[in-house]
Engineer: 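Below is the structure I would like to discuss, written out as structure tokens.
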Amino acid sequence: MTDKPATSSQVAEMQNPGQEEQGKTLRRVVVSSFLGNFIEWFDYASYSYFATVIALVFMPSGDPTVALLETFAVFALSFLMRPVGAVFWGNMGDKKGRKWALTASILLMSGATFLIGCLPTYAMIGLLAPVLLLLLRMVQSFSASGEYAGAATFLAEYAPTNKRGLYCSVVPASTATGLLCGSMFATVMYSVFGHDSAFVTDWGWRIPFLLAGPLGLITHYMREHLSDSPVYAKMQHDLESKKGSTVRAPFRTLIKKHPRVLLISFGACMLNAVGFYAVLTYLPNYLIDTVQYDSASASLITTICLVVYIAFIFFSGHISDKFGRKKMLVTACIGFVVLTIPAFYLLGTKDFFTILAVELVMCFLLTINDGTLSSYLTETFPTDVRYSGFALSFNLANALFGGSASFISIGLIEATGNAIAPAWYMVAISAIALIAMLLSHEHTGKDLTEID
């Protein structure tokens, strides 16, 4: 899987290929990046929406609430592997190449996901069933931690400079598409067979996990037949020409030479982590459990928002190419600071169109951040630590703040007795992200080889 260093002629060819060949290569990069991230988030959505069934299948019989909490505990624990995976895949992606890391991680991620669909139940092997589920979830989380950052880095280093934001927005769009497909799959399954049917508990819940197998092999094949990015190939060639060496310790270089940029990037990612999980996964539960809103209507609103969200993502990526990443991310921070608390109050009206309008506004604010963040992070770090810097800042923020967003929101309501408490948490995170963004530099439209 290790690629030989590119020669000067190969580098020149990759930097100046024919227009038709360049277009084909870029399309393959886009499709493979989309599919890899889609698999991860389709699995995430499937696990969430089939949580009650998974609890029944893998956890000891007894209190169903306890079993459900144990199922989500397995999910939460797997997030601890995100920073570990970020260090590993970021380091390997900068040291051995984007292609190496992405082809290896997709096999590990899709393989672990596929095996979850093959696991025997608690009734068959007892406590070994939830233990194996946890282990596979941790392997899946470890390998997935390099997927988002790697796909965005690969895309950014292939994309035209003036359309980098638009192309990088493919990655968050695939995230929303994975969530949407997972939600729709579970909804159709439950509608046709019912929540407690033998088919759903025996085989139905396994289907989305088993699909990761063939999808992963397709993505691996596509990536295996791509060359490493021209930007990375140029860096390697320049290093070999000047020093006779390659990138040796990317993670150590990142910590020693770029701590300020890493800290700022982490701050920027905090809003994305909390905002994504709060808006797209917590709000539907908030409407049902706290506002006491109809679950079918809440589900319909979420589906509409996810569809619109995907369109918003591409729009935000395109606009960021025109106005700059920093302006977009600052705008998102200010929007969340100003509008989050009024939005939560309006959710309490229980009016369908009011709630839909509120969630669409929140989605739009989130896409200003989400549709811009991936291109911003690729432009923040130099080529020799780009994968590492992106992966560590993004995954550490998601591990600490994203995976805990729902838990903290529910805990704040319980502790304060105030249904609006999660909104104040969101405002606080947005304010921290705003400070980080005000301290950042603008690199929109800059050649990635010039960033140091």
Side-chain angles (χ1 to χ4, degrees), residues 48 176 179-180 183 267-313 315-316 328-373 397-398 401-438:
S48 299
L179 285 175
L180 177 61
S183 170
C269 290
M270 283 173 59
L271 175 57
N272 183 265
V274 174
F276 182 86
Y277 288 96
V279 173
L280 295 181
T281 63
Y282 173 67
L283 274 189
N285 293 324
Y286 175 83
L287 287 170
I288 297 167
D289 298 333
T290 305
V291 180
Q292 302 296 308
Y293 188 61
D294 175 62
S295 60
S297 298
S299 178
L300 176 60
I301 288 172
T302 301
T303 300
I304 294 171
C305 286
L306 279 170
V307 173
V308 176
Y309 183 85
I310 295 168
F312 279 169
I313 281 285
F315 176 73
S316 295
M328 295 287 285
L329 293 171
V330 167
T331 299
C333 293
I334 294 173
F336 275 113
V337 168
V338 173
L339 297 177
T340 300
I341 292 172
F344 268 72
Y345 275 112
L346 288 172
L347 292 175
T349 62
K350 297 186 181 181
D351 177 72
F352 179 88
F353 290 103
T354 300
I355 292 174
L356 176 61
V358 167
E359 288 209 31
L360 285 174
V361 170
M362 297 293 281
C363 274
F364 181 66
L365 286 175
L366 182 58
T367 57
I368 294 176
N369 174 281
D370 205 10
T372 307
L373 185 67
N398 275 275
F401 296 97
S404 63
S406 296
F407 178 81
I408 290 175
S409 297
I410 294 169
L412 286 171
I413 293 174
E414 290 292 324
T416 64
N418 184 357
I420 307 299
W424 288 104
Y425 177 61
M426 187 75 178
V427 168
I429 294 295
S430 302
I432 294 171
L434 177 60
I435 294 170
M437 286 314 307
L438 291 174

Engineer: Could you tell me if the side chain of Ile310 sits less than 4.5 Å from the side chain of Leu306, heavy atoms only?
Structural biologist: no
Engineer: Could you tell me whether the side chain of Asn369 reaches within less than 4.5 Å of the side chain of Leu329, counting heavy atoms only?
Structural biologist: yes
Engineer: Working to the nearest 0.5 angstrom, can you tell me the gap between Met437 CE and Thr331 OG1?
Structural biologist: 10.0 Å
Engineer: Working to the nearest 0.5 Å, report the span between OG1 of Thr290 and CD1 of Ile413.
Structural biologist: 4.0 Å
Engineer: Going from OG on Ser316 to CG on Leu373, what distance comes out if it is rounded to the nearest 0.5 angstrom?
Structural biologist: 12.0 Å
Engineer: Taking atom CD1 of Ile355 and atom CD1 of Ile301, what is their separation to the nearest 0.5 Å?
Structural biologist: 5.0 Å
Engineer: CD1/Ile429 to CZ/Phe336 distance, rounded to the nearest 0.5 angstrom?
Structural biologist: 12.0 Å
Engineer: About how many Å separate CG of Leu366 and CD1 of Ile313, when rounded to the nearest 0.5 Å?
Structural biologist: 7.0 Å
Engineer: Which pair of heavy atoms, one from Ile408 and one from Tyr425, lies closest together, and at what distance?
Structural biologist: CD1-OH, 3.5 Å
Engineer: Any side-chain heavy atom of Thr367 sitting closer than 4.5 Å to one from Phe315?
Structural biologist: no
Engineer: Compare every heavy atom of Ala268 with every heavy atom of Ala436, then report the nearest pair and how far apart it is.
Structural biologist: CB-N, 4.0 Å
Engineer: Is there side-chain contact between Phe344 and Leu283, with heavy atoms separated by less than 4.5 Å?
Structural biologist: yes
Engineer: Restricting to non-hydrogen atoms, name the atom on Ala419 and the atom on Tyr286 that form the minimum distance, rounded to 0.1 Å.
Structural biologist: O-OH, 2.8 Å
Engineer: Are any of the side-chain heavy atoms of Cys333 and Leu271 separated by less than 4.5 Å?
Structural biologist: yes
Engineer: Quick check: do Ser430 and Val274 have side-chain heavy atoms less than 4.5 Å from each other?
Structural biologist: no
Engineer: Quick one: does Leu179's side chain get under 4.5 Å of Tyr309's, heavy atoms only?
Structural biologist: no
Engineer: Grab the two heavy atoms, one from Thr416 and one from Leu412, that are nearest each other, plus how far apart they are.
Structural biologist: OG1-O, 2.6 Å
Engineer: May I ask you to check whether over 12 heavy atoms, not counting those of Phe352, lie within 6.0 Å of atom CZ?
Structural biologist: yes
Engineer: Please find the pair of heavy atoms, one from Thr302 and one from Leu280, that lie closest to each other, and give the distance.
Structural biologist: CG2-O, 4.3 Å
Engineer: Met362 and Ala343: which non-hydrogen atoms are nearest, and at how many Å?
Structural biologist: SD-CB, 3.9 Å
Engineer: Test side chain to side chain contact (heavy atoms under 4.5 Å, CB included) on Asn398 and Cys269; report intermediate values, then the result.
Structural biologist: CA-CA 8 Å; Asn398 275 275; Cys269 290; 5.7 Å; no
Engineer: I'd like to check Phe401 versus Tyr277 (side-chain heavy atoms, cut-off strictly below 4.5 Å). Are they in contact?
Structural biologist: no
